[in-house]
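Take a look at the structure set out below.
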Amino acid sequence: MDNIARKPGNADREVGERIRTLRQLKGMTQTELATELGVSFQQVQKYERGANRLPIGMFIGACKALQAHPMELIGPYFPDDNVFDSMQALMTKLRDAEDRLHKIKQVLE
């Protein structure tokens with residue numbers, strides 16, 4: 001089990017490929033992305049090839065640097081529609097709760 005956690009796998013390679021594709025589509029070099037992430041361009045090469053696993057902090061940094069939603073990099077491992085439907089429902093409930101709270105505050109003033 002320990003080997004699974006330490007060795008990059010198919011998911012790591014696929015995420016790396018998506019990072020490379022998005023970086024190229026944005027016209028960004030590996031050096032530019034490396035500068036944004038605070039690593040060497042060689043490290044970016046390793047992430048893109050899937051030779052090294054991408055730590056979550058680097059993943060978030062890559063999303064920000066590439067102006068990409070995390071699901072664009074994760075891909076089909078989690079179906080977008082279920083995630084976004086759940087998020088949308090949660091946001092609707094949050095807005096409703098905020099509206100009710102605002103009305104209660106108005107009554108109390």
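Hydrogens, waters and symmetry mates are skipped; everything else that's a heavy atom, side chains included, is used. Quick caveat: nothing in here was measured; it's all calculated off a predicted structure.
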Can you name the nearest heavy-atom pair linking [X] to [Y], along with the distance?
| X | Y | answer |
| --- | --- | --- |
| L66 | M28 | CD2-SD, 4.0 Å |
| L33 | A65 | CD1-CB, 3.7 Å |
| P70 | C63 | CA-SG, 3.7 Å |
| L73 | V15 | O-CG2, 3.4 Å |
| A68 | L22 | CB-CD1, 3.8 Å |

| field | Validation row: I19, L54 side chains within 4.5 angstrom (heavy atoms) | value |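 They are in side-chain contact.
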| query | Who else is in L108's hydrophobic cluster (ILVMFWY, side-chain heavy atoms under 4.5 Å, direct or via others)? | reply |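 Answer for L108: I104.
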Check: [Y] main-chain N/O paired with [X] side-chain donor or acceptor under 3.5 Å:
| X | Y | answer |
| --- | --- | --- |
| K46 | A51 | no |
| Q43 | S40 | no |
| R18 | I74 | yes |

State the OG1-CD distance between T21 and Q24, to the nearest 0.5 angstrom.
->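 Spacing of OG1 (T21) from CD (Q24) equals 6.0 Å.
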Self-check item: Interatomic spacing from OG1 in T31 to CD in Q45 - rounded to 0.5 Å
Solution: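 The CD atom of Q45 is 8.5 Å from OG1 of T31, to the nearest 0.5 Å.
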Margin query: R100 vs D96, test: side-chain contact (heavy atoms from CB on, under 4.5 Å). Steps then yes/no.
Written below: CA-CA 6 Å; R100 286 194 302 273; D96 290 346; 3.7 Å; yes
Between H102 and Q106, is there a side-chain donor-acceptor contact under 3.5 Å, judged purely by atom types and distance?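 On atom types as modelled, these side chains qualify, holding a pair under 3.5 Å.
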Lys/Arg-Asp/Glu bridge criterion (N-O < 4.0 Å) met for E48, R23 =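 Yes, charged N to carboxylate O under 4.0 Å.
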Matching residue for Y47 among Q42, M58, Q30 - test: side chain to side chain contact (heavy atoms under 4.5 Å, CB included):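 By the side chain to side chain contact (heavy atoms under 4.5 Å, CB included) criterion, Y47 pairs with just one of Q42, M58, Q30: M58.
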